[in-house]
Amino acid sequence: MRPVNGTCRAALAAACLAAGLQSVAPARAQVPEAELKAAFVYNFVLFTEWPASALPVDGVLTICAGGSAASQYDALWQLDGRKAAGYRLAVTEGHGRPCHVAVYRAGTGGGLVQPGTLTVCDGPASACAGAMITLLRERDRVRFDVDAERTRSGGLVLSSKLLRLARQVR
C-alpha cells in the first residue's frame, strides 16, 4: 500500500465528510442527535482555517460550550482530547476563556467572542443572531447554514468542500 500524499489525504477527508454529512438520515436512527451535532462541530474544525494570530501556541484548540453542560452538549465533551487539524481539542464551558470555537443554543446568544472565533449556534437562524454556522433540524435531518460574510469578517476561511455541503450559504 503506498503512502497517501497531502492532495489525496485532503480528497479522502472531503469524501469522508461528504459521506458523513450526506447520510444523516440513516445515521440519526443509530446515533443520538447530540452526538451527530458534535460530529458536525468536529468536521467544522477540520475544514476551517484560522488566522495565524488566532492559532494556539500551545497546540490546544478550545471549543467552548455555551451555557451549562446541558444534556445536548454532553456529546461535545467527548471531543475533549481528540486531535483535529494538528491540534488537541479542549472542551470547556467558556465563561470568559478564549475560544477558537463557540457553540451555543439558539436564544442564549453567543456571548462576547473575540475575532478568530468560529461561532456555531444550535437552532433556527431566526434565534441564532451572530452565528457563523447554524445547526438546524430539517425534518429527519441535521443540516447547517453558513453566514459567509460574518465568517470572513471574523478572519476565518471555511473550506469550499464544507460550503458545498451547507444547506444555505448567505
Chemist: Side-chain atoms of residues 149-156: list all donor-acceptor pairs with protein atoms under 3.5 Å, sequence neighbours left out, distances to 0.1 Å.
Modeler:
residue, atom, partner, partner atom, Å
Glu149, OE1, Arg152, NH2, 3.4
Arg150, NH1, Ala131, O, 3.2
Arg150, NH1, Asp147, OD2, 3.1
Thr151, OG1, Asp147, O, 2.9
Ser153, OG, Glu149, O, 3.3
Ser153, OG, Arg150, O, 3.0

Chemist: Which residues satisfy the side-chain contact (heavy atoms from CB on, under 4.5 Å) test with Gln78, sequence neighbours excluded?
Modeler: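 Counting only residues at least two positions away or on another chain, Gln78 forms a side-chain contact (heavy atoms from CB on, under 4.5 Å) with Glu35.
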
Chemist: Taking only residues two or more places apart in sequence, or in another chain, which ones meet Val169 in a side-chain contact (heavy atoms from CB on, under 4.5 Å)?
Modeler: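 Partners of Val169 under the side-chain contact (heavy atoms from CB on, under 4.5 Å) test: Val146, Ala148, Leu163, Ala166.
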
Chemist: Can you name the closest pair of heavy atoms from Val142 and Glu33 and give their distance?
Modeler: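 Smallest heavy-atom distance, with atoms named: CG2-CG, 4.0 Å.
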
Chemist: How long is the span from the OG1 atom in Thr119 to the CD1 atom in Ile133, to the nearest 0.5 Å?
Modeler: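 Thr119 atom OG1 to Ile133 atom CD1 measures 8.0 Å (nearest 0.5 Å).
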
Chemist: If you compare all heavy atoms of Ala129 against all heavy atoms of Tyr104, which two are closest, and at what distance to 0.1 Å?
Modeler: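 Smallest heavy-atom distance, with atoms named: O-OH, 3.4 Å.
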
Chemist: Please report the closest heavy-atom contact between Lys83 and Tyr42, naming both atoms and the distance.
Modeler: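 It is O-OH, 2.7 Å.
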
Chemist: To the nearest 0.5 angstrom, please state how far the CG atom of Leu61 sits from the CG atom of Leu79.
Modeler: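 Leu61 atom CG to Leu79 atom CG measures 11.0 Å (nearest 0.5 Å).
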
Chemist: Sorted by first residue and then second, give each disulfide (SG to SG under 2.5 Å) pair with at least one member in residues 127-170; sequence neighbours left out.
Modeler: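 Every pair satisfying disulfide (SG to SG under 2.5 Å) with a residue in residues 127-170: Cys121-Cys128.
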
Chemist: Roughly how far, to the nearest 0.5 Å, is NZ of Lys161 from CG of Asn43?
Modeler: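 That separation rounds to 13.0 Å.
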
Chemist: Can you measure from SG (Cys64) to CG (Leu76) and round to the nearest 0.5 angstrom?
Modeler: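 So the SG of Cys64 and the CG of Leu76 are separated by 10.5 Å.
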
Chemist: Mind checking the OG1-CZ spacing from Thr134 to Arg143? Nearest 0.5 Å is all I need.
Modeler: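 Separation between the atoms: 13.0 Å.
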
Chemist: Identify the two heavy atoms, one from Ala75 and one from Ala34, that lie closest to each other, and give their separation to 0.1 Å.
Modeler: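 So the two residues come closest at CB-O, 3.4 Å.
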
Chemist: Count I, L, V, M, F, W, Y as connected when their side-chain heavy atoms are under 4.5 Å apart, and connections chain through other members. Are Leu36 and Leu162 then in the same cluster?
Modeler: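 The answer is yes; both residues are in one hydrophobic cluster.
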
Chemist: Among residues at least two apart in sequence or on other chains, which ones pass side-chain contact (heavy atoms from CB on, under 4.5 Å) with Pro124?
Modeler: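 Partners of Pro124 under the side-chain contact (heavy atoms from CB on, under 4.5 Å) test: Ala106, Ser126, Ala127.
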
Chemist: Taking the basic N atoms (NZ, or NE/NH1/NH2) and the acidic carboxylate oxygens, is any pair closer than 4.0 Å for Arg167 and Asp145?
Modeler: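 Yes, charged N to carboxylate O under 4.0 Å.
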
Chemist: How long is the straight-line distance from OG1 of Thr62 back to CG of Asp80, given to the nearest 0.5 Å?
Modeler: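 Rounded to the nearest 0.5 Å, the CG-OG1 separation comes to 9.5 Å.
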
Chemist: Hey, can you pull the donor-acceptor pairs under 3.5 Å for the side chains in residues 47-59, sequence neighbours left out?
Modeler:
residue, atom, partner, partner atom, Å
Thr48, OG1, Phe44, O, 2.5
Trp50, NE1, His100, O, 3.2
Trp50, NE1, Gly116, O, 3.0
Asp58, OD1, Val60, N, 3.0

